[in-house]
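The first residue in the sequence is number 1, and the count goes up from there. Numbering of ligands and ligand atoms starts at 1, following listing order.
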Amino acid sequence: MSFAATVCTLYPDMFPGPLGISLAGRARDEGKWSIDTVQIRDFATDKHRTVDDTPAGGGAGMVLKVDVLARAIDHARENGPADRPVIAMTPRGKPLTQARVRELADGPGVILLCGRFEGYDERIFAGRAVEEVCIGDIVLSGGEPAALMLLDACIRLLPGVMGAASSGDEESFESGLLEYPQYTRPTQWEGATIPEVLRSGDHGKIAAWRKQQAVDHTRSRRPDLWERYCDARGLSASDAQRGK
Ligand code: SAH
C-alpha cells in the first residue's frame, strides 16, 4: 500500500514542487507515494467563486469560509483511501514532531489543508475532525510550504525510500537528542581540524564522544528537548548529563 497525500489548496500548482525531484521524486515515480490536489475554489458556490469573507467581529484580513472548506475536505475524503487523518497547517496548531511524522508515515496517507489570508473559520476543526499542526514558531504567507515540509518528512521514512545508512535512529530527534556533529575529509581545512577522537579508530571512544556531544548540544541549544529526554528516562538532569 502506498502513502496517498491529498492537498487542499488555493494554489495546486505549488505541488508536487520540490517533492517532484530527488529522493521524493524518485520514490513517487516508483509508486511509493502519490499526491493529488483539491482546488478549494472549486467548492465555492457563488458566481464569483468566493472562498473567503471578512472576520466576524471585525479586524484585518479575510477568513476562509467553513462551508467551502468542508466541501473540499469531503471531496478529498471520498476520493482516496478511507481513514486518512485531515491535518490543517496553522501556526495555532500543535507543533509537529518526528514522533507524529512517524505515525503518519506508517498510515495510509494524509489529507492536508493549506490556509491563506488570516486562516480558517474555527468551526472547521471540530466540524470535520481536523487536526491542527504547526511547523515552527514562524508565520508563513500560506500553508503550502508547511504541507511540503510535512510530506517531505513523511516520505523519507516510507519503506525503501532512504538507504539504510541514514534510516537509523541516531538522527536529530529520533533518540530525543540532537545529532552529534559530523565531519568528513579534508582533515585540515582553513586551520580547522577534525577532532582527534574521530580519527582514533577506537569505536568505543567515538561512541562515547558522540553521545556526550549530543547531550551538550541538546542541553545548550534545546533545553525543551533536554528536559523531555531526562523526564522520559526518569533521570535527573545531572545524571543524564553524565551520559547515563
Ligand atoms: N492569522 C494567522 C496566520 C495566518 S498565515 C495567525 O496568526 O495564526 C496564513 C496561513 O499560512 C495559515 O492559515 C497556515 O495555513 C499557514 N501557516 C503560516 N504559518 C504557519 C506555521 N508556522 N505552521 C503551519 N502553517 C502555517
Enumerate the atoms of ligand 1 whose separation from the nearest heavy atom of [X] is less than 4.0 angstrom.
X      : value
Gly136 : 22 (N)
Val133 : 24 (C)
Gly119 : 13 (O)
Phe117 : 4 (C), 5 (S), 9 (C)

Tell me whether [X] contacts the main-chain N or O of [Y] through its side chain, where contact means a donor paired with an acceptor under 3.5 Å.
X      : Y      : answer
Arg233 : Tyr229 : yes
Tyr120 : Phe125 : no
Thr218 : Leu178 : yes

Below a 4.0 angstrom heavy-atom separation, can you tell me which part of [X], side chain or backbone, both or neither, approaches ligand 1?
X      : answer
Ala146 : side chain
Arg92  : side chain
Leu113 : neither
Tyr120 : side chain
Ala88  : neither

Give the residue and atom name of whichever protein heavy atom lies nearest to [atom], and the separation in Å to one decimal.
atom                    : value
atom 17 (N) of ligand 1 : Pro91 CD, 3.7 Å
atom 15 (O) of ligand 1 : Met89 O, 2.6 Å
atom 18 (C) of ligand 1 : Leu140 N, 3.1 Å
atom 2 (C) of ligand 1  : Glu118 O, 3.5 Å
atom 21 (C) of ligand 1 : Ile138 O, 3.8 Å
atom 24 (C) of ligand 1 : Thr90 N, 3.4 Å
atom 23 (N) of ligand 1 : Ile135 N, 3.1 Å

Salt-bridge criterion met for [X] and [Y] (N-O under 4.0 Å):
X      : Y      : answer
Arg102 : Asp106 : no
Glu227 : Arg222 : no
Arg49  : Asp42  : yes

Do you see a donor-acceptor pair shorter than 3.5 Å between the side chains of Glu132 and Thr90?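 The answer is no; no qualifying pair exists.
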With a 6.0 Å cut-off on ring centres, are Tyr180 and His217 close enough?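 No, the ring of Tyr180 stays outside the 6.0 Å limit from the ring of His217, centre to centre.
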Can you confirm whether Met89 sits close enough to Ile135 that some side-chain heavy atom of one is under 4.5 Å from a side-chain heavy atom of the other?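 With C-beta onward as the side chain, the pair touches.
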Any heavy-atom pair between the side chains of Cys154 and Val110 that's under 4.5 Å?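 No, too far: nothing below the 4.5 Å cut-off.
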[X] versus ligand 1: do any nitrogen or oxygen atoms come within less than 3.5 Å of each other?
X      : result
Val139 : no
Cys114 : no
Gly115 : yes

When you look at Arg84 and Thr6, which way does the side-chain hydrogen bond (donor to acceptor under 3.5 Å, both in side chains) test go after all the steps? CA-CA 10 Å; Arg84 287 182 298 168; Thr6 301; 2.9 Å; yes
Pick from Ala60, Gly61, Gly142: the one approaching atom 11 (O) of ligand 1 most closely through a non-hydrogen atom: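 Of the listed residues, Gly142 has the closest heavy atom.
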Evaluate the ring planes of Phe43 and His75, with Trp represented by its six-membered ring, and classify them as parallel (under 30°), tilted (30 to 60°) or perpendicular (over 60°). tilted
Inspect the surroundings of CZ in Arg199 and state if more than 12 heavy atoms from other residues, nucleotides or ligands are less than 6.0 Å away.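 Check passes, neighbour count above 12.
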Contact bool for atom 7 (O) of ligand 1 (protein heavy atom, d < 4.0 Å):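 Given the 4.0 Å cut-off, atom 7 (O) of ligand 1 does not count as touching protein heavy atoms.
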Any Ser141 heavy atom less than 4.0 Å to ligand 1: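 Distance cut 4.0 Å: Ser141 passes for ligand 1.
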